Structure formats: structure tokens, C-alpha cells
Amino acid sequence: MAEIRQPMSVQPEGAQRFMGRDAQRMNILAGRIVAETVKTTLGPRGMDKMLVDSLGDVVITNDGATILSEMDIAHPAAKMIVEVAKTQDEEVGDGTTTAVVIAGELLKRAEDLLDQDVHATVIASGYKVAAEKAEEILLEIADKISIDDEEMLLEIAKTAMTGKGAEKAKDTLAPLALRAVKQVAIMENGKYTVETEDIKVEKKEGGCVEDSTLIQGLIIDKERVHDGMPRKVKDAKIALLDCALEVKETETDAEIRITSPDQLQAFLDQEEAMIKKMVDQIKDSGATVVFCQKGIDDLAQHYLAKVGIYATRRVKKSDMKKLAKATGARIVNKVADLESKDLGNAGSVEEKKIGGDEMTFVEECIDPKAVSLLLRGGTDHFLEEVDRALEDAIGVISTAIEDGTICAGGGAAEMELSKKLNEYAEKISGREQLAVKAFAQSMEIIPRTLAENAGMDPIDTLVALKASHEIHDHKRYGIDVFDGQTKDMMKAGVVEPLRIKEQAIMSASEAAIMILRIDDVIAASGISKNKGMGDDDMDMAGMGGMGGGMPPMM
Ligand code: ADP
Ligand code: MG
């Protein structure tokens with residue numbers, strides 16, 4: 001651009017704009033601040049954060065995704081890093097802090113390179129090359145696992161739960177999570193898939209964690225609609241109805257003229273007959289339990305109770321689908337269509353009172369493909385944290401089963417990756433080599449932070465760890481944060497699904513590259529969500545209001 005003596009702006013007075021190095025510096029800083037925030041929580045000996053909202057509600061957690069989603073963040077570049085955590089959480093269910101910390105370190109090292117006059121474009125392309133190579137290396141250093149390797153799967157679950165508020169409960173929760181995942185895993189074309197939504201976690205205050213159980217079926221948060229119905233049905237035949245058990249309202253504005261009491265009686269009788277017919281049809285199908293997604297009116301309740309059918313109404317659609325998966329029933333949307341082959345089975349359907357609420361337990365299902373986990377615990381805060389730990393455990397077991405690949409934790413995989421990437425960098429010429437090396441060194445941030453958070457000397461530890469990785473067969477060496485030693489983490493039972501590392505590195509490098517490529521931050525007048533951000537699916541809604549109220553840039 002030609003030099004203009006007078007500063008000229010095409011934007012309204014007061015509109016903010018940051019260009020060139022200013023924009024880069026500012027964005028990098030914002031990203032790094034987010035990473036610094038969660039860094040101290042990494043690993044089993046990481047600290048917790050106390051999040052307090054404007055109403056004074058408090059969440060105490062050590063879970064990166066939770067911290068970042070609850071934190072009020074305004075800066076657009078910082079939001080991109082938060083997005084990294086969100087993606088990680090959705091794709092793998094664990095490794096959120098890892099992903100964010102790596103993104104922060106990539107940005108920090110990029111800043112150093114920028115200071116050495118390496119152009120942002122060169123850094124970005126070097127990072128891209130390195131990220132692709134990292135993917136390859138990770139596959140090389142991965143170990144295999146099968147669904148039958150229960151011992152290792154339990155270690156994976158425990159690794160994910162170590163250091164969480166629910167630490168003490170991991171011996172109870174890990175086997176529960178494993179059984180639940182194995183129960184809902186489906187084999188398709190020689191590969192396992194796990195829909196984690198098919199595991200419904202039901203939290204109920206009271207009792208202790210050890211009282212938590214896996215239900216061979218589902219818990220539905222509904223009571224039976226009528227006291228005259230049986231409280232418990234053995235060998236239940238279950239009908240799932242997606243229609244109201246009520247007299248139909250006339251759809252058009254028809255008017256019914258009733259001129260005598262006889263006519264009124266006839267009309268009411270007819271309504272009653274309709275309801276009775278519906279109930280008879282249900283009864284004739286052989287059903288002994290009804291889950292209805294819509295309403296059941298008083299009359300229908302009365303007749304259902306009379307014929308001894310257990311019924312609940314207004315069951316959530318998602319629960320209806322799970323009931324179908326758990327009992328083998330088919331959801332029917334017209335009573336007249338209900339046949340015995342549509343019914344599902346459960347050894348027992350019973351209304352039970354747990355934590356002061358009446359709920360319906362559908363149990364003893366044969367090979368249910370959706371299950372409930374009943375989680376018990378003293379207080380609400382504790383239950384929430386246990387739930388988050390359990391979600392992590394379910395996530396990592398599912399991922400390990402689906403992919404069949406795992407790697408050593410405690411910084412082992414990152415250290416080996418760093419070493420291999422460094423070797424690879426030697427083959428690259430020019431300034432891009434600097435970027436690949438920076439990427440390689442960025443991987444060391446994980447073992448370094450684990451050591452730091454455990455109160456170990458990060459430099460000594462890293463030197464020791466690097467030395468072991470030079471020894472053949474020591475590629476699984478990482479840091480045991482409990483005894484301060486470097487050792488084979490696979491043997492020490494610190495194991496993670498490979499996808500945690502793959503995804504963390506992929507989304508961290510994508511975000512870092514995206515931030516690096518920005519050299520101009522311009523206040524815009526209301527950007528719609530879909531335009532202006534290229535094909536990257538970033539939520540930049542916060543950028544819209546940058547005109548007057550540019551977020552604090554620190
Ligand atoms: P994230 O949100 O990234 O999952 P965590 O706080 O759960 O963050 O920490 C995960 C890291 O802690 C991983 O690198 C994992 O290998 C490591 N880790 C877990 N258990 C141990 C252990 N016993 N010793 C050393 N490192 C461990
Ligand atoms: Mg974790």
C-alpha cells in the first residue's frame with residue numbers, strides 16, 4: 001500500500017482497527033491467556049478452578065471444557081481457542097486441557113518466530129506440514145487394543161478419571177462405565193460403534209457413590225398415571241405409543257347441536273366407547289405396560305388401570321427411542337395398528353422411589369442397546385463432578401473400542417512425537433524448518449506442564465525424559481506424577497485412546513494457524529454467522545459488536 005502522510009480511515013470515527021503485527025500480537029496474546037488459564041489444571045495433580053456466576057452459583061472443577069464453557073470470554077481470538085476445547089469435548093470427550101495447552105504453546109512459539117522475522121505465512125505452512133506428519137507418527141507409535149481387553153480398558157477409564165473430584169470413586173465407576181459401553185456397543189462392518197447417548201446417566205442425591213448401579217435397561221423419570229395400576233409388572237410386554245390416549249378434539253370447527261339430555265348421554269357414551277375400544281386394542285395386543293409420548297386422559301387412565309396395565313404419559317421422545325433400543329419394541333403412532341410383534345420385553349417394570357422422586361425402572365432387558373446408569377452421591381456439587389468424570393470415562397472407553405488404538409499417557413506420546421518431528425524437521429529446508437521445529441518443541445509442553453503441576457522440577461524431568469526416549473524401547477516413557485519418576489506409562493497403567501492426541505493436535509494446530517493468518521482485525525457492522533469466515537466453522541458471533549465496544553485487549 002502506498003504511504004499516506006495523513007492517517008486516513010474509511011471507517012466511522014472511533015471504529016477500532018488493528019493491523020499487521022499489532023493484530024497478530026493481540027490475537028496471539030488473547031489465545032495464550034486462555035491456555036494459561038487452564039494450564040494449571042492439567043494432569044492428575046492439577047489444581048481446580050472455582051467458577052462463580054453473577055448469581056453467586058459456584059462450580060468447582062478441573063475439567064478444561066467445563067471451565068472454558070462457563071467462563072465469560074469476549075475476545076474473538078480467545079473464543080477460537082475455546083472452540084478447540086469444545087470440538088475436543090464433542091469428538092473425544094476428554095483431552096480438552098491438553099488441546100488448549102498445545103494451542104497456547106504453538107502460539108507462543110509462533111510469536112518467537114515472528115520476532116525473528118519469520119513471516120506468518122511461513123509459520124502457518126510449517127505448522128500445517130508438521131501437523132500432518134504428527135498424525136502419521138502417532139499411528140506408528142500407537143498400540144492396539146480389542147474390546148475384550150477389559151483390564152486395559154479399565155486402565156484407560158481410570159486414567160481419564162485420575163485427579164478429578166471423583167478420584168476416589170474411580171474403582172466403582174470405571175467398571176460401571178466399561179459394562180455400560182460394552183452393552184451398547186454395536187458391531188457394524190467389522191467395526192464397533194458406540195453411541196454414548198445410549199448411556200443415560202441418572203443423577204440422584206443421596207447414598208454414596210458405591211451405591212451407583214448399571215441398570216440392565218432404563219430408568220424413566222415418570223411415575224405411573226393412576227394409583228390403581230400395578231406398581232410392578234413382571235415379564236412385561238411393553239407398548240410404545242406416539243399418540244394420545246384421549247378423545248380426539250374435532251379438528252374443524254364443527255358444532256355439535258345437542259337438543260335433549262338423551263342426546264348428550266349418547267354423545268358421552270360414544271366418547272367413552274371410543275376410549276374403551278382403544279384400551280381394549282392395547283389389551284388385545286398383549287401389552288402389560290404402556291409408555292405414551294403424549295397424554296392419557298382420566299377416562300383412559302381409569303380403563304387402563306381396570307385391565308391392570310401399567311402406563312406412563314408424556315415420555316420424552318429421546319427416552320422413547322432409548323426404550324425401543326432397550327426393549328426391542330417398535331414405536332407405534334396409532335393404537336389401531338398395535339400388534340403383538342410391536343411389543344418389547346423387560347423382566348420387570350416397576351415404580352420405585354429414589355431420592356424422593358417416583359421413577360419407572362425398566363429392568364432385566366435381554367441385551368439392551370440403551371442403558372441407564374444410576375449415579376448416587378452425597379451432594380449436588382459432588383454428583384456433578386462425578387458425572388463429568390463418568391462422562392470422560394465413557395468417552396475414552398468408547399473411543400478406544402471404536403478405533404482400537406491407544407497410546408501411553410503421562411506425556412509419553414507427546415515426547416516421542418516431539419522427538420520424531422524433530423528428526424523429520426531435519427529433512428525440511430529453509431525457514432519452514434524453523435516452524436516444524438517449533439511445532440516439535442511445542443509438544444514438550446504436555447510433559448513439562450504435568451511435571452510443573454506435580455511440583456517436580458520441569459527442566460530436570462524433561463532432560464531425564466528426553467534421555468530415556470533416546471533409548472530403544474523406551475518410547476512409552478512418561479512422567480509418573482505420583483512418585484516423580486519417569487517410567488513406562490503403559491506398564492504403569494496410564495493409557496489413553498490415540499484419538500485424544502490426534503484430535504488435540506489437529507484442532508490445536510488448526511486454531512493456531514487460523515489465528516496466525518489474521519493480520520487485520522476490523523470492526524464490522526454485524527456479520528451474519530455464515531459469511532466472512534471462509535469455510536472454517538468458527539463461531540465468531542462475538543465479533544459483530546466490535547465497533548463501539550471492542551472487547552478488552554488486555
Ligand atoms: P485433559 O482435559 O487434557 O484430559 P487432564 O487434567 O485430564 O486434562 O490431564 C490429562 C493428562 O494427564 C494426560 O496427559 C494424561 O496422560 C495425564 N495423566 C493421567 N494420569 C496420569 C498419571 N497417573 N501420571 C501421569 N500423567 C497422568
Ligand atoms: Mg482428562
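Computed from a predicted structure; not experimentally measured. Every number for a ligand or one of its atoms is a count from 1 in the order of the listing. Throughout, residue positions are numbered sequentially from 1 according to the sequence presented.
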Testing the 3.5 Å rule here: is there a donor-acceptor pair between the side chains of [X] and [Y]?
{"X": "Gln183", "Y": "Gln216", "result": "yes"}
{"X": "Thr40", "Y": "Lys49", "result": "yes"}
{"X": "Thr379", "Y": "Glu205", "result": "no"}
{"X": "Asp94", "Y": "Gln88", "result": "no"}
{"X": "Thr121", "Y": "His119", "result": "yes"}

Electrostatic pair [X]:[Y] at N-O distance under 4.0 angstrom:
{"X": "Lys322", "Y": "Glu197", "value": "no"}
{"X": "Glu136", "Y": "Lys133", "value": "yes"}
{"X": "Arg109", "Y": "Glu105", "value": "yes"}
{"X": "Lys466", "Y": "Glu444", "value": "yes"}
{"X": "Arg388", "Y": "Glu385", "value": "yes"}

Which of the ligand 1 atoms, numbered from 1, are nearer than 4.0 Å to a heavy atom of [X]:
{"X": "Thr41", "result": "6 (O)"}
{"X": "Phe482", "result": "23 (N)"}
{"X": "Gly43", "result": "5 (P), 6 (O), 9 (O), 12 (O)"}
{"X": "Val481", "result": "24 (N), 25 (C)"}
{"X": "Leu450", "result": "12 (O)"}
{"X": "Gly409", "result": "16 (O)"}
{"X": "Thr97", "result": "1 (P), 2 (O), 3 (O), 8 (O)"}
{"X": "Leu42", "result": "3 (O), 6 (O), 8 (O), 9 (O)"}

Identity and distance of the protein heavy atom lying nearest [atom]:
{"atom": "atom 25 (C) of ligand 1", "value": "Ile479 O, 2.9 Å"}
{"atom": "atom 15 (C) of ligand 1", "value": "Glu496 OE2, 3.4 Å"}
{"atom": "atom 7 (O) of ligand 1", "value": "Lys164 NZ, 3.9 Å"}
{"atom": "atom 19 (C) of ligand 1", "value": "Thr159 CG2, 3.6 Å"}
{"atom": "atom 4 (O) of ligand 1", "value": "Asp94 OD1, 2.7 Å"}
{"atom": "atom 18 (N) of ligand 1", "value": "Pro44 CD, 3.6 Å"}
{"atom": "atom 3 (O) of ligand 1", "value": "Thr98 OG1, 2.5 Å"}
{"atom": "atom 26 (N) of ligand 1", "value": "Gly410 CA, 3.3 Å"}

Practice item. Check the pair Val495 / Met152 against side chain to side chain contact (heavy atoms under 4.5 Å, CB included), numbers first and verdict last. Key: CA-CA 8 Å; Val495 198; Met152 193 58 101; 3.7 Å; yes
Practice item. Check if Gly46 has a non-hydrogen atom at a distance under 4.0 Å from any atom of ligand 1. Key: no
Check your understanding: Is Glu155 in contact with ligand 1, taking contact as a heavy-atom separation below 4.0 Å?
Key -> no
Looking only at distances, please establish whether an N/O atom of ligand 1 is found under 3.5 Å from an N/O atom of [X].
{"X": "Gly95", "answer": "yes"}
{"X": "Val494", "answer": "no"}
{"X": "Glu414", "answer": "no"}
{"X": "Thr162", "answer": "no"}

Practice item. Would you check, one step at a time, whether the test salt bridge (charged side-chain N to carboxylate O under 4.0 Å, His left out) holds for Glu416 with Arg476? Key: CA-CA 8 Å; Glu416 186 64 16; Arg476 297 182 186 84; over 6 Å; no
Check your understanding: Looking only at heavy atoms, is any part of Lys158 under 4.0 Å from ligand 1, and if so is it the side chain, the backbone, or both, or is it neither?
Key -> neither
Check your understanding: If you check every N/O/S atom of Asp94, which is the one nearest the Mg ion (ligand 2)?
Key -> OD1
Check your understanding: Just wondering, are more than 12 heavy atoms of other shown residues or ligands nearer than 6.0 Å to NZ in Lys369?
Key -> yes
Practice item. Examine distances only and state if a side-chain atom of Asn453 and a backbone atom of Leu42 form a donor-acceptor pair shorter than 3.5 Å. Key: yes
